[in-house]
There are 2 protein chains.
Amino acid sequence: MTDATQYPPFGVTADLVILTMRNDELCVALIERRAEPYKGQLALPGGFVSRHGADRTLEDTALRELREETGIEPHEVHLEQLKTYWTLGRDPRQEVVTVAWLALGPIQGELQSGSDAARADWHTIDAALGQRLAFDHNQILRDGIERARAKLEYTDVAATFLPRQFAIADVRRVYEEVWGVELDPGNFQRKMTGVFERVQDAEPRNVGRGRPAALYMRKAREYRDASGLVPIEPPFRRMDAAR
Amino acid sequence: MTDATQYPPFGVTADLVILTMRNDELCVALIERRAEPYKGQLALPGGFVSRHGADRTLEDTALRELREETGIEPHEVHLEQLKTYWTLGRDPRQEVVTVAWLALGPIQGELQSGSDAARADWHTIDAALGQRLAFDHNQILRDGIERARAKLEYTDVAATFLPRQFAIADVRRVYEEVWGVELDPGNFQRKMTGVFERVQDAEPRNVGRGRPAALYMRKAREYRDASGLVPIEPPFRRMDAAR
DNA sequence: CGAATAGTGTCTGTTAGACAATATCGA
DNA sequence: TCGATATTGTCTAACAGACACTATTCG
C-alpha cells in the first residue's frame with residue numbers, strides 16, 4: 001500500500017439483480033446492451049460509479065441505477081450487497097470490478113431503458129438462465145437467486161416481494177415459487193402469523209373465490225438487522241415441503 | 001457503460017479479516033502501518049490487486065496477501081469473500097475500493113510483516129475493537145466477526161479453526177468463545193457427533209486430565225456448498241445456551 | 001481416593017408436519 | 001347448493017434442553 005499510483009486503474013460498476021414476482025413467477029430485470037462489448041445481448045442493469053462525483057457511497061450507485069431502471073423509490077425495495085466480481089480481462093475495454101447488488105421488491109410496472117440499454121424487460125428466471133448473458137452475469141444472477149432462496153429460510157424477506165399489505169397465502173406463494181416446492185397451507189399459516197402483524201381495519205381485499213384472507217404487514221417495531229430484515233424464528237427449513 | 005474511460009479510476013485492494021483461536025481466545029491479525037495515511041495505526045492486512053499482473057482473480061490477491069502475512073498455505077484455511085467497501089474519500093491518496101475477505105484457520109505461528117507493515121501481530125477481538133483502526137477497518141472487522149458468528153449456526157465452519165483432527169470439546173470451545181456463551185457439554189456432544197466423522201485409529205491425544213476424548217474430522221464426502229462448508233442440521237441456535 | 005473431563009441415559013415440554021375439520025366467500 | 005380458499009384443531013413423532021449418571025484419565 002506504499003504507493004497506490006503504481007497499481008493499475010480499475011473501473012467500478014454496480015450491477016443489479018432485481019427480482020420481483022409477476023403472475024406468480026419469479027422474474028429478473030434484464031437490459032439489452034446497446035453498445036459493445038456483448039452488443040445486443042441481455043445483461044443485468046448497472047453502471048459505473050460516480051458519474052461526475054454524484055455517488056458518495058457504493059450504495060448510492062446501486063440506488064441510482066435502480067431508480068433509473070425501474071423508476072422505483074428506494075424505500076420500497078430491499079437492497080443488499082451481493083458479491084464483487086472480477087477476473088483478468090473480464091471486460092475487454094479496461095479492468096472493471098463489479099459490485100453486484102440484490103434488489104427485491106413489489107415492482108409492478110414496465111421497465112425504462114437507461115442510456116446504455118436498447119430495451120429493458122422482465123424475464124422469468126428460467127428464461128434468463130437458459131441463455132448466455134453478457135459478461136459473467138449468468139453467475140451473478142445464479143448467486144443472487146441463491147442468496148434470495150437462502151434468506152427466505154431465516155428472514156421475513158419474502159414480504160419484500162409483496163405490497164405493503166398482503167395475505168399469508170401471498171407469502172406462501174412467494175416461498176413456493178422461489179423454492180420450487182409446495183408448502184402445507186395450514187402449517188404455513190400458523191408459523192407466519194407470528195412473524196407478521198395483523199392489519200385490523202383494512203377491508204378484506206377480495207380477489208378470487210374462497211374465504212377472504214386477513215391482511216398482514218411486516219412488523220415495524222421488531223429487531224431488524226443491518227439489512228433491514230426481521231429474523232424469523234428458528235428454522236423455516238427448505239425441506240418443509242408438503243406431501 | 002458506453003465509454004468506460006470517462007469514469008474515474010479506482011485502486012482495488014483485498015483486505016483480510018484473519019481470525020484464529022489462540023489460548024481459547026478469538027484473535028485477529030493486524031499490522032501496524034509503516035506509511036501514511038494512518039501511519040503507525042493498526043490495520044487489517046491487505047494490498048492492491050495485481051502487482052505486475054500476477055493476480056488473475058480477486059481471490060488470487062486475497063490468497064497472496066494471506067500467504068505473505070501468515071505463511072500459511074491456502075488449502076489449510078477457509079477463505080470467503082466478505083463485503084466490499086467504498087465511500088468517497090475513504091482513502092486520501094486516491095479512490096480505493098476494498099474487497100474484504102474472511103479467513104479462518106488453525107494458524108499457530110507468529111505473523112510475518114509484509115512490505116507495507118512495520119509489524120504484524122495477533123490481537124484479541126476486544127483489544128482490536130477497543131481502539132481506532134485505520135480506514136474503516138473497525139467496521140470491516142465487526143462485519144467479519146458477525147459473519148463468522150452467523151455461520152456457526154448453520155455450517156461446520158467452527159472446525160476450520162481447529163487442526164485436522166480435533167475433539168468435540170474443542171469445537172464446543174470455539175462456539176463458546178465466538179458466541180460468548182456457555183453450552184451444555186452433553187447435548188453439544190450428541191448434536192455434533194453426527195456432523196463430523198470419527199477417526200478410528202489415531203491414538204487419543206492426551207492433553208489435560210480427565211477422560212481422553214475421541215478424535216473427529218470434517219466429513220469429506222458430504223455435500224459442501226460453494227464456500228466449502230458443510231451445512232449442519234436444522235438449527236444450532238444461538239440461544240441454545242446452558243443455564 | 002478425588003478432581004476433571006468425556007460421553008451416555010433419561011425425562012419433559014415444545015414443535016414440525018400430517019391431516020382433518022371448520023369458516024366464509026363467489027358462482 | 002358446490003367449489004375454492006382461509007383458518008383452526010388435533011395427533012404423533014422427533015427433538016431440544018435440563019440434568020443425572022457412567023467412563024476414564026491424572027495426581
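Every residue two or more places apart in sequence or in another chain that forms a side-chain contact (heavy atoms from CB on, under 4.5 Å) with A/A158 is listed here: A/L152, A/V171, A/V174, A/Y175. When the ring pair (Phe, Tyr, Trp, His ring centres under 6.0 Å) test is applied to A/Y216, no partner is found at least two apart in sequence or on another chain. Taking A/E59 as the reference, nothing meets the salt bridge (charged side-chain N to carboxylate O under 4.0 Å, His left out) condition, with sequence neighbours excluded. Not counting sequence neighbours, B/W101 has no partner by the ring pair (Phe, Tyr, Trp, His ring centres under 6.0 Å) test. Contacts of B/T155 classified as side-chain contact (heavy atoms from CB on, under 4.5 Å), with partners at least two apart in sequence or in another chain: B/K151, B/V157, B/L229. With sequence neighbours left out, B/E76 forms a salt bridge (charged side-chain N to carboxylate O under 4.0 Å, His left out) with no residue at all.
Note: CE (A/M192) to P (C/dG17) measures 12 Å, nearest angstrom. Regarding A/E182, its CD atom lies at a distance of 12 Å from the P atom of D/dT5, rounded to whole Å.
Helical stems involving DNA chain C, defined as 3 or more consecutive Watson-Crick or G-U pairs under 3.5 Å, span C:1-27 with D:1-27.
Taking side-chain N and O atoms only, A/K191 has no distance below 4.0 Å to OP1 or OP2 of C/dT15.
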Using a 4.0 Å heavy-atom cut-off to protein, can you give one letter per nucleotide of nucleotides 1-8 of chain C, 5' to 3': B if the base is in contact, S if only the sugar-phosphate is, - if neither? ---BBBSB

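Using a distance-only test at 3.5 Å, with no hydrogens or angles considered, a donor-acceptor pair links the side chain of B/K219 to the main chain of B/G194.
Within the structure, side chain to side chain donor-acceptor pair (under 3.5 Å) pairs that include any residue of residues 19-28 of chain A comprise A/R22-A/E110 (at least two apart or interchain).
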